[in-house]
Protein chains: 2
Amino acid sequence: MNTELSAPGPSAQGVEKGFCPVYRAIGVLQEKWVLHIVRALLDGEKGFNELARAVGGCNSATLTQRLEHLETLKIIGKRTEDTHGKLARSVYTLTPVGRELQSVIDAIDTWGRAHLQEGPPGVAGC
Amino acid sequence: MNTELSAPGPSAQGVEKGFCPVYRAIGVLQEKWVLHIVRALLDGEKGFNELARAVGGCNSATLTQRLEHLETLKIIGKRTEDTHGKLARSVYTLTPVGRELQSVIDAIDTWGRAHLQEGPPGVAGC
DNA sequence: CCCACTAGTTTATAAAGTCAAGCGGTGTAA
DNA sequence: TTACACCGCTTGACTTTATAAACTAGTGGG
């Protein structure tokens with residue numbers, strides 16, 4: 001019976017009824033690998049496998065899906081270039097909209113450096 | 001055979017080999033509902049159901065799990081207060097660490113307002 | 001007594017993400 | 001010539017995660 005209200009409550013900041021850009025933005029950025037992809041592309045345009053490597057750990061199926069989604073949102077752009085002769089290479093770039101996520105990544109970066117020095121989740125000291 | 005490299009490439013900004021706070025921070029913040037929870041709590045401390053309502057759409061099972069995780073990360077704190085007589089109410093608050101995520105939310109907010117005015121994902125004009 | 005509200009837990013199901021393999025193509029080295 | 005590495009994906013089986021819905025247990029009001 002609980003938690004089924006889809007309209008954010010009246011207590012939140014700018015949430016009136018109706019469309020909320022922040023809510024939507026969070027919805028986009030919280031998708032797995034999206035922030036990693038954006039961060040990788042802020043470092044420069046990349047090909048598919050190159051991006052997979054830079055992102056670190058995302059598999060090709062998920063990556064394809066995420067890239068398509070980000071492309072429809074006009075956050076990234078895809079270009080197919082004929083580098084040498086015939087081999088077509090797909091190159092992914094941030095659009096101006098995507099590039100403005102730099103501030104978000106920076107904020108996360110700053111926060112992470114300040115408060116996440118230790119590595120609780122077991123695995124590697126990595 | 002692809003996409004199984006866990007070590008982020010050398011091309012990214014501050015990624016040396018070893019622990020990367022940004023990578024980890026993204027890992028934390030990209031979990032579903034986390035940014036929504038933080039945003040709701042930036043608006044003030046809240047009880048469980050109150051938080052569920054503010055977050056909008058998260059079910060209690062997931063919320064419980066997320067709150068536990070965020071608590072172990074010291075991003076939020078849980079307090080059980082005896083409001084009136086015996087009824088125990090759980091109150092969730094941001095820790096100082098959590099409060100510093102304000103800048104991240106602000107950056108997302110700014111970006112969202114600037115670029116996400118339209119609502120592509122069908123559903124409601126909401 | 002019945003209903004609403006508190007904070008959750010349980011269970012079964014749906015959705016999302018991952019793994020491993022493979023395709024068509026090129027280019028490089030044996 | 002064969003073989004294997006790289007490119008950019010796609011496919012299908014499998015695992016992990018999130019969801020809805022119901023339910024526990026306690027308080028309080030009508």
Side-chain angles (χ1 to χ4, degrees), chain A residues 1-6 9 11 26-37 40-41 45-71 76-93 121-123, chain B residues 1-6 9 11 26-37 40-41 45-71 76-93 121-123:
Chain A
M1 190 197 282
N2 55 0
T3 69
E4 62 172 19
L5 334 157
S6 52
S11 58
I26 289 177
V28 171
L29 300 179
Q30 119 306 261
E31 279 192 308
K32 203 162 187 179
W33 301 113
V34 164
L35 287 169
H36 287 299
I37 291 168
L41 291 180
E45 58 177 38
K46 288 183 170 50
F48 187 86
N49 290 338
E50 195 183 358
L51 187 52
R53 255 175 269 123
V55 151
C58 179
N59 70 80
S60 43
T62 308
L63 187 55
T64 301
Q65 200 177 297
R66 237 16 42 109
L67 290 171
E68 278 168 6
H69 186 201
L70 291 175
E71 203 186 345
I76 65 171
K78 180 182 181 176
R79 173 166 44 90
T80 306
E81 63 178 25
D82 291 358
T83 7
H84 35 309
K86 267 182 190 161
L87 206 166
R89 182 176 129 95
S90 300
V91 181
Y92 298 92
T93 7
V123 201
Chain B
M1 190 195 283
N2 55 2
T3 68
E4 62 173 18
L5 335 157
S6 50
S11 59
I26 289 177
V28 171
L29 301 179
Q30 123 301 266
E31 279 193 307
K32 203 161 186 181
W33 300 114
V34 164
L35 286 168
H36 287 298
I37 291 168
L41 290 180
E45 57 177 40
K46 288 182 170 51
F48 186 86
N49 290 338
E50 193 182 358
L51 187 53
R53 255 175 268 122
V55 151
C58 181
N59 70 76
S60 43
T62 307
L63 188 57
T64 301
Q65 200 176 298
R66 247 357 59 102
L67 290 171
E68 278 168 6
H69 185 202
L70 291 175
E71 203 186 347
I76 66 171
K78 181 181 181 177
R79 174 168 41 93
T80 306
E81 62 178 25
D82 291 358
T83 7
H84 34 307
K86 266 183 194 163
L87 205 167
R89 181 177 130 93
S90 299
V91 181
Y92 296 93
T93 9
V123 200

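Residue numbering restarts at 1 for every chain, and letters A, B, ... go by the order of the sequence lines.
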Nearest whole angstrom, please: distance from the [atom2] of [N] to the [atom1] of [X].
X	N	atom1	atom2	value
Leu63(B)	dG8(C)	CG	C1'	10 Å
Leu67(A)	dC7(D)	CG	P	15 Å
Phe48(B)	dA4(C)	CZ	C1'	17 Å
Arg79(B)	dA7(C)	CZ	P	12 Å
Asn49(A)	dG24(C)	CG	P	18 Å
Glu81(A)	dG8(D)	CD	P	10 Å
Gln30(B)	dT17(D)	CD	P	11 Å
Glu68(A)	dG8(D)	CD	P	15 Å

Side-chain heavy atoms of Leu63(A) within contact of Phe48(A), under 4.5 Å =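 Yes, close enough: below the 4.5 Å cut-off.
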Please state whether the base of dT9(C) and the side chain of Ser60(B) form at least one donor-acceptor pair under 3.5 Å?
-> yes
For [X] and [Y], which heavy atoms make the closest approach, and how far apart are they?
X	Y	result
Cys58(B)	Thr62(B)	SG-CB, 4.0 Å
Tyr92(A)	Lys78(A)	OH-CE, 3.5 Å
His69(A)	Glu31(A)	ND1-OE1, 2.7 Å

Can you check whether Arg89(B) has a side-chain N or O nearer than 4.0 Å to OP1 or OP2 of dG26(D)?
->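 Arg89(B) to dG26(D) OP1/OP2: no side-chain N or O under 4.0 Å.
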Pick base, sugar-phosphate or nothing for Ser90(B), based on heavy-atom distances below 4.0 Å to the nucleic acid.
-> sugar-phosphate
Is it true that a side-chain atom of Lys46(A) and a backbone atom of Ala40(A) form a donor plus acceptor pair closer than 3.5 Å?
-> yes
Asn49(B) CG to Arg89(B) CZ distance, which is reported to the nearest 0.5 Å | 9.5 Å
Just the atom pairs and distances: protein N or O near nucleotides 14-17 of chain C's N or O, under 3.5 Å.
{"from": "dG17(C)", "atom 1": "OP1", "to": "Arg66(A)", "atom 2": "NH1", "distance (Å)": "3.1"}
{"from": "dG17(C)", "atom 1": "OP2", "to": "Arg66(A)", "atom 2": "NH1", "distance (Å)": "3.4"}
{"from": "dG17(C)", "atom 1": "OP2", "to": "Arg66(A)", "atom 2": "NH2", "distance (Å)": "2.7"}

Where do Ile37(B) and Arg66(B) land on the side chain to side chain contact (heavy atoms under 4.5 Å, CB included) test, with the steps shown first?
-> CA-CA 9 Å; Ile37(B) 291 168; Arg66(B) 247 357 59 102; 3.8 Å; yes
Given dC7(D), dC9(D), dT6(C), the nucleotide with the shortest approach to the side chain of Arg53(A) |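 The closest nucleotide is dC7(D).
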